[in-house]
Peer 1: 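Let me begin by handing over the structure; questions about it come next.
Letters A, B, ... mirror the listed sequences (proteins, then strands); counts begin at 1.
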Amino acid sequence: MMLFTAEGLSGVVFIGFIGITLVGALIAVHAERLIRSVCGLAICFIGISGLYYFLHSPFVALMEMLIYVGAVCVTIVFAIMLADSHPEKQVGKRNVLTGALSFAVASIIFLGVLILARRTDWLACGAKENNGSMMEVGKSLLTTNSMVFELISIVLLVAIIGSLVLARSGRERS
Amino acid sequence: MNILTISNNLETYLVIGAFLFALGFYGLLSRQTFIGMLIAAELILSGASINFMAFNRFLAPDPTVGQIFTLFIMGIAAAEAAIALSIIIAVYRNYKSINTEDVVELQG
């Protein structure tokens, strides 16, 4: 029996993470109240963090927890507290039609990508250049990808200043 | 193939990524509020990140590239969330609503 070996138990944990991801994503899309939707999003991100761990990159898993669960979800919760206090309005006929249409479009996209992923036989590379550890990521970030690293910091700075300006200008008028 | 060894298989991750992408697309089209649409957009970005990480783990000769790309996606997503939420708050100040139907006069 394979279940009671190390690989089997890690497989069980992996399936658990898949379940957490999918359930969280479904809650995030289907919950009527936005605050529940954000909680589903946080659950989904925790599951994705586990998947990253299984993909041999604990650093990205940690960053997923820090940035998405710790920062993005909390920011969205703040926006909900500031802006929204009602459940979503149901707008009758248009809503039904929109729901069906968007479901059709999304399932077409899903099936297309699924067929593409299963039909293609992906070619594995020969030798790996390095082992992809945290130290190698740091080296690559400061040598090969240093330009992009600086650019993303400028983008973040511009985004922070821009959001401050946008959120502030409304206060003087009212 | 044993179901317990699917964590070592590329297609598992591709299917999860595709599912998250499609679910996010569905949410983006069907949600009525701006914050709901933002949440769905985060799901789309997560699906893309999972694809990058899976290809990085199984196929890429240099396994740092995909991780760095995912880190950049996270940075972009954080910037996008900050900008979108401040726009949502600015819209809420003027219209007292974040429902997409109520701010229809914003169209060009």
Peer 1: In terms of hydrophobic clusters joined by side-chain contacts under 4.5 Å, are A:Val23 and B:Ile6 together?
Peer 2: no
Peer 1: Which answer fits B:Ala84, side chain, backbone, both or neither, if we ask what part of it has an atom under 4.5 Å from a heavy atom of chain A?
Peer 2: neither
Peer 1: In residues 47-56 of chain B, what donor-acceptor pairs under 3.5 Å come from side-chain atoms, sequence neighbours left out?
Peer 2:
from, atom 1, to, atom 2, distance (Å)
B:Ser49, OG, B:Leu45, O, 2.9
B:Asn56, OD1, B:Gly66, N, 3.3
B:Asn56, ND2, B:Pro63, O, 3.1

Peer 1: How about A:Phe17 and B:Tyr13: are their ring centroids closer than 6.0 Å?
Peer 2: no
Peer 1: Heavy-atom distances under 4.5 Å only: say whether B:Glu11 touches chain A with side chain, backbone, both or neither.
Peer 2: side chain
Peer 1: Pick out which of A:Val29, A:Val105, A:Ile109 makes a side-chain contact (heavy atoms from CB on, under 4.5 Å) with B:Tyr26.
Peer 2: A:Val29
Peer 1: Taking the six-membered ring where the residue is Trp, are the ring centres of B:Phe58 and A:His56 under 6.0 Å apart?
Peer 2: no
Peer 1: When only pairs under 4.5 Å are counted, which of A:Leu26, A:Val13, A:Val158 shares the most heavy-atom pairs with chain B?
Peer 2: A:Leu26
Peer 1: Based on non-hydrogen pairs under 4.5 Å, which of B:Ile76, B:Leu43, B:Ile87, B:Val65 is most in contact with chain A?
Peer 2: B:Leu43
Peer 1: Can you say whether B:Phe72 sits under 4.5 Å from chain A via the side chain, the backbone, both, or neither, judging by heavy atoms?
Peer 2: both
Peer 1: Report yes if some heavy atom in the side chain of A:Ile48 is under 4.5 Å from a heavy atom in the side chain of B:Leu20; otherwise report no.
Peer 2: yes
Peer 1: With a 4.5 angstrom heavy-atom cut-off, which part of B:Leu10 approaches chain A: side chain, backbone, both or neither?
Peer 2: side chain
Peer 1: Quick one: CE on A:Met63 to CE on B:Met74, what's the gap to the nearest 0.5 Å?
Peer 2: 8.0 Å
Peer 1: Select one option (side chain, backbone, both, neither) describing which atoms of A:Ala117 are under 4.5 Å from chain B's heavy atoms.
Peer 2: both
Peer 1: Who are the side-chain hydrogen bond (donor to acceptor under 3.5 Å, both in side chains) partners of A:Asp121, not counting sequence neighbours?
Peer 2: none
Peer 1: Testing the basics here: between B:Ala22 and A:Phe110, what is the closest heavy-atom pair and its distance to 0.1 Å?
Peer 2: CB-CB, 3.5 Å
Peer 1: Any link between A:Val69 and B:Ile16 through a network of hydrophobic side chains (Ile, Leu, Val, Met, Phe, Trp, Tyr) touching at under 4.5 Å?
Peer 2: yes
Peer 1: Going only through I, L, V, M, F, W and Y residues with side-chain contacts under 4.5 Å, is there a path from A:Leu22 to A:Ile46?
Peer 2: yes
Peer 1: Against chain B, work out which of A:Val137, A:Leu151, A:Val113 has the most heavy-atom pairs shorter than 4.5 Å and name it.
Peer 2: A:Val137
Peer 1: Does any non-hydrogen side-chain atom of A:Leu123 lie less than 4.5 Å from one of B:Leu59?
Peer 2: no
Peer 1: Only pairs of heavy atoms separated by less than 4.5 Å count here; which of B:Asn8, B:Ile88, B:Leu71, B:Ile89 has the most with chain A?
Peer 2: B:Leu71
Peer 1: Does the side chain of A:Phe14 come within less than 4.5 Å of B:Thr12's, by heavy atoms?
Peer 2: yes
Peer 1: Kindly indicate whether the side chain of B:Arg31, heavy atoms from C-beta on, has any atom under 4.5 Å from the side chain of A:Leu34.
Peer 2: yes
Peer 1: Find the one option among A:Asn145, A:Leu9, A:Thr144, A:Val155 whose heavy-atom pairs under 4.5 Å with chain B are most numerous.
Peer 2: A:Asn145
Peer 1: Side chain, backbone, both or neither: which part of A:Ala127 has a non-hydrogen atom closer than 4.5 Å to chain B?
Peer 2: backbone
Peer 1: So which residue, B:Ala82, B:Ala81, B:Pro61, ends up with the most heavy-atom pairs under 4.5 Å with chain A?
Peer 2: B:Pro61
Peer 1: With chain A, which of B:Val15, B:Leu14, B:Ile39, B:Asp62 has the greatest number of heavy-atom pairs at distances under 4.5 Å?
Peer 2: B:Ile39
Peer 1: Using side-chain heavy atoms (C-beta onward) and a distance below 4.5 Å, is B:Gln67 in contact with A:Leu55?
Peer 2: no
Peer 1: Within a strict 4.5 Å, meaning less than it, do heavy atoms of the B:Tyr92 and A:Leu82 side chains meet?
Peer 2: no
Peer 1: Between A:Ile160, A:Leu51, A:Asn130, who has the most heavy-atom pairs with chain B when the cutoff is under 4.5 Å?
Peer 2: A:Asn130
Peer 1: Please check if A:Val12 and A:Ile20 belong to a single hydrophobic cluster, counting links between Ile, Leu, Val, Met, Phe, Trp and Tyr side chain heavy atoms closer than 4.5 Å.
Peer 2: yes
Peer 1: Looking at every heavy atom in both A:Ser102 and B:Leu29, which two are closest together, and how far apart are they?
Peer 2: CB-CB, 3.2 Å
Peer 1: Do A:Trp122 and A:Leu114 land in one hydrophobic cluster if side-chain heavy atoms of ILVMFWY residues count as linked below 4.5 Å?
Peer 2: yes
Peer 1: Against chain B, label A:Glu136 side chain, backbone, both or neither, depending on which of its atoms sit under 4.5 Å from a heavy atom there.
Peer 2: both
Peer 1: With heavy-atom distances below 4.5 Å as the criterion, would you say the side chains of A:Phe78 and B:Leu85 are in contact?
Peer 2: no
Peer 1: Count the heavy-atom pairs under 4.5 Å between each of B:Ile68, B:Val91, B:Thr70 and chain A, then report the option with the highest count.
Peer 2: B:Ile68
Peer 1: Provide the closest heavy-atom pair for A:Val72 versus B:Ala78 in the form atom of the first, atom of the second, distance.
Peer 2: CG2-CA, 4.2 Å
Peer 1: Chain B heavy atoms under 4.5 Å from A:Ile152: which part of the residue, side chain, backbone, both or neither?
Peer 2: side chain
Peer 1: Please determine, among A:Asn131, A:Ile76, A:Leu101, the option with the most heavy-atom pairs under 4.5 Å with chain B.
Peer 2: A:Ile76
Peer 1: Report yes or no: does B:Arg93 contribute a side-chain atom to a donor-acceptor pair with the main-chain N or O of A:Ala167 at less than 3.5 Å?
Peer 2: yes
Peer 1: Between B:Glu80, B:Lys96, B:Arg57, which residue shows the highest count of heavy-atom pairs closer than 4.5 Å to chain A?
Peer 2: B:Arg57
Peer 1: For each of A:Tyr52, A:Phe103, A:Tyr68, A:Phe54, tally heavy-atom pairs with chain B at distances under 4.5 Å, and name the one with the top tally.
Peer 2: A:Tyr52
Peer 1: Quick one: pull up OG in A:Ser37 and CG in B:Leu38 and give me the separation to the nearest 0.5 Å.
Peer 2: 10.0 Å
